[in-house]
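Working notes for the structure below.
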Amino acid sequence: MGTVFLATHMLIRRRVAIKVLHAELAPDRWMVQRFLNEAAAAGTLAHPHIVESTDMGFTRDGIPYIVFEYLEGCLLTEEIRRLGRLSLGRTLTIARQVASALDAVHRAQLAHLDVKGDNVLLTRRARGLDHAKLIDFGISRCTAAAGEQAPAGLLMGTPEYMAPEQVIQPELADSRADIYAFGVLLYEMLSGRCPFEGDDPQRVLARVLRDPPPVLDRRIPPALDQLMFDGLLTKSAEIGR
């Protein structure tokens, strides 16, 4: 939806990240509203594991922008790619933080709808690495607002992480789609890959709808295995999620 710039506040010398909506999207009122919703979501949740927006406005050309806190670290996707897969302990540490962030999002009657490794940033804190931050609320929506639905049939999200109901009726997707995506993220940290992958997005989506997730190639505690395969990654939003 936009381009992100590193900037410095001229008065307080604080580094920030500024996200500017792509100019070609500015005439689309629905896309502009989505962009403004991202600022509202990140600015009001005030959670230690959710990126914070500190300001917003419009350029001289009428293009909206959002100012975010600047975070140093690496994307979770990059860390998984670097190591192949994460240890069980590290996986659970990160998963707890992401789950806590999603709990706050859902309690605020929001759905993120694009939970994935590229949207989890591992930042540095006094205690070391792995302070997770959930970022990019660009396609989030309020699940309590009747007028918030996307245009019918408009797919938004990342195929590998999309819940079956998000594929079939994307305009009706709610917080349960985030729970499915969280299951995919958990699977990816443990195995180094998503349950369903491929170069053809349509084939990936077909597998999301049709195939059971492959078993992991490592041993994990039975309770965690049951949580993933009988809960988070179930095909029906009415069962387990």
Side-chain angles (χ1 to χ4, degrees), residues 1-4 19 21-22 25 30-31 34-35 37-38 41-42 49-51 68 73-82 85-86 91 94-95 97-99 101-102 105-106 110-122 132-141 143 148-214 228 232-235 237 241:
M1 292 179 68
T3 302
V4 182
K19 183 175 182 178
L21 184 69
H22 291 317
L25 299 178
W30 186 81
M31 292 299 293
R34 298 256 46 75
F35 192 78
N37 287 352
E38 177 177 8
H49 297 295
I50 297 175
V51 65
F68 292 98
C74 71
L75 296 175
L76 177 54
T77 296
E78 297 171 342
E79 189 70 350
I80 295 172
R81 187 180 299 121
R82 183 178 73 87
R85 64 185 185 183
L86 304 187
T91 294
I94 295 170
Q97 296 176 61
V98 176
L102 288 176
V105 171
H106 297 165
L110 296 170
H112 186 282
L113 300 181
D114 201 17
V115 176
K116 57 181 179 179
D118 280 342
N119 285 338
V120 175
L121 192 66
L122 302 180
K133 286 272 193 174
L134 182 63
I135 64 175
D136 200 342
F137 285 74
I139 64 171
S140 65
R141 70 179 184 89
T143 55
E148 266 279 315
Q149 292 186 1
L154 177 62
L155 279 179
M156 294 190 301
T158 305
E160 290 82 358
Y161 298 84
M162 292 175 69
E165 70 273 14
Q166 196 174 356
V167 178
I168 298 171
Q169 288 185 299
E171 68 275 10
L172 300 181
D174 58 24
S175 58
R176 290 170 293 184
D178 288 343
I179 297 174
Y180 177 90
F182 174 71
V184 175
L185 188 63
L186 186 59
Y187 185 106
E188 184 183 16
M189 287 191 284
L190 290 167
S191 69
R193 57 182 174 82
C194 295
F196 310 109
E197 294 183 335
D199 296 329
D200 185 346
Q202 293 302 321
R203 290 188 178 182
V204 172
L205 294 176
R207 295 187 63 197
V208 167
L209 294 175
R210 180 189 66 233
D211 297 348
M228 284 178 45
L232 302 174
L233 294 175
T234 52
K235 299 293 183 184
R241 290 188 275 134

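- The shortest side-chain heavy-atom distance between Leu232 and Leu186 falls under the 4.5 Å cut-off.
- Closest heavy-atom contact between Asp178 and Val115: OD1-CG2, 3.9 Å.
- Results of the side chain to side chain contact (heavy atoms under 4.5 Å, CB included) test with Pro164 over Leu205, Thr234, Val208 single out Val208 as the only residue that passes.
- Residues Pro159 and Gly157 approach most closely at CD-O, 4.0 Å, considering heavy atoms.
- For Tyr187 (side chain) and Pro214 (main-chain N/O), a donor-acceptor pair under 3.5 Å exists by modelled atom type.
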Walk me through it: do Glu188 and Tyr161 pass the test side-chain hydrogen bond (donor to acceptor under 3.5 Å, both in side chains)? CA-CA 10 Å; Glu188 184 183 16; Tyr161 298 84; 2.5 Å; yes
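- Annotation for Thr77 and Gly117: closest pair OG1-C, 2.9 Å, computed over non-hydrogen atoms.
- When all heavy atoms of Ala173 and Gln166 are compared, the pair lying nearest together is CB-CG, 4.0 Å.
- Rounding to the nearest 0.5 angstrom, the gap separating the CZ atom in Arg81 from the SG atom in Cys74 is 10.5 Å.
- No side-chain donor-acceptor contact under 3.5 Å links Asn37 to the backbone of Gly138.
- At least one side-chain heavy atom of Leu76 sits under 4.5 Å from a side-chain heavy atom of Ile94.
- Between the side chain of Ser140 and the main chain of His112, no donor-acceptor pair closer than 3.5 Å is present.
- For the atom pair Lys133 NZ and Leu122 CG, the distance stands at 12.5 Å (nearest 0.5 Å).
- Counting only heavy atoms from C-beta outward, the side chains of Val204 and Glu197 never approach each other to under 4.5 Å.
- A salt bridge links Arg82 with Glu79; the closest basic N to acidic carboxylate O contact falls under 4.0 Å.
- With rounding to the nearest 0.5 Å, the separation of CD in Glu38 from CG in Leu21 is 10.0 Å.
- Nearest heavy atoms, Gly192 versus Arg85: N-CB, 3.7 Å.
- Glu160 places no side-chain N or O within donor-acceptor distance of the main-chain N or O of Arg193, the cut-off being under 3.5 Å.
- Taking CG of Leu113 as the reference point, atom CG of Asp136 lies at 11.5 Å (rounded to 0.5 Å).
- The shortest side-chain heavy-atom distance between Ile179 and Leu102 does not fall under the 4.5 Å cut-off.
- Phe137 places none of its side-chain heavy atoms less than 4.5 Å from the side chain of Asn119.
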Worked verdict on Asp114 versus Met156 for side-chain contact (heavy atoms from CB on, under 4.5 Å): CA-CA 8 Å; Asp114 201 17; Met156 294 190 301; over 6 Å; no
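- Under the 3.5 Å distance criterion, the side-chain polar atoms of His49 are left unmatched by any main-chain donor or acceptor of Val98.
- The NZ atom of Lys19 lies 6.0 Å from the CZ atom of Phe35; values are rounded to the nearest 0.5 Å.
- Here Leu233 contributes atom CG and Phe196 contributes atom CZ; the two are 8.0 Å apart, rounded to the nearest 0.5 Å.
- For the pair Lys235 (side chain) and Ala163 (backbone), a donor-acceptor distance under 3.5 Å is absent.
- The two residues Leu86 and Thr91 make their nearest non-hydrogen contact at CB-OG1, 3.5 Å.
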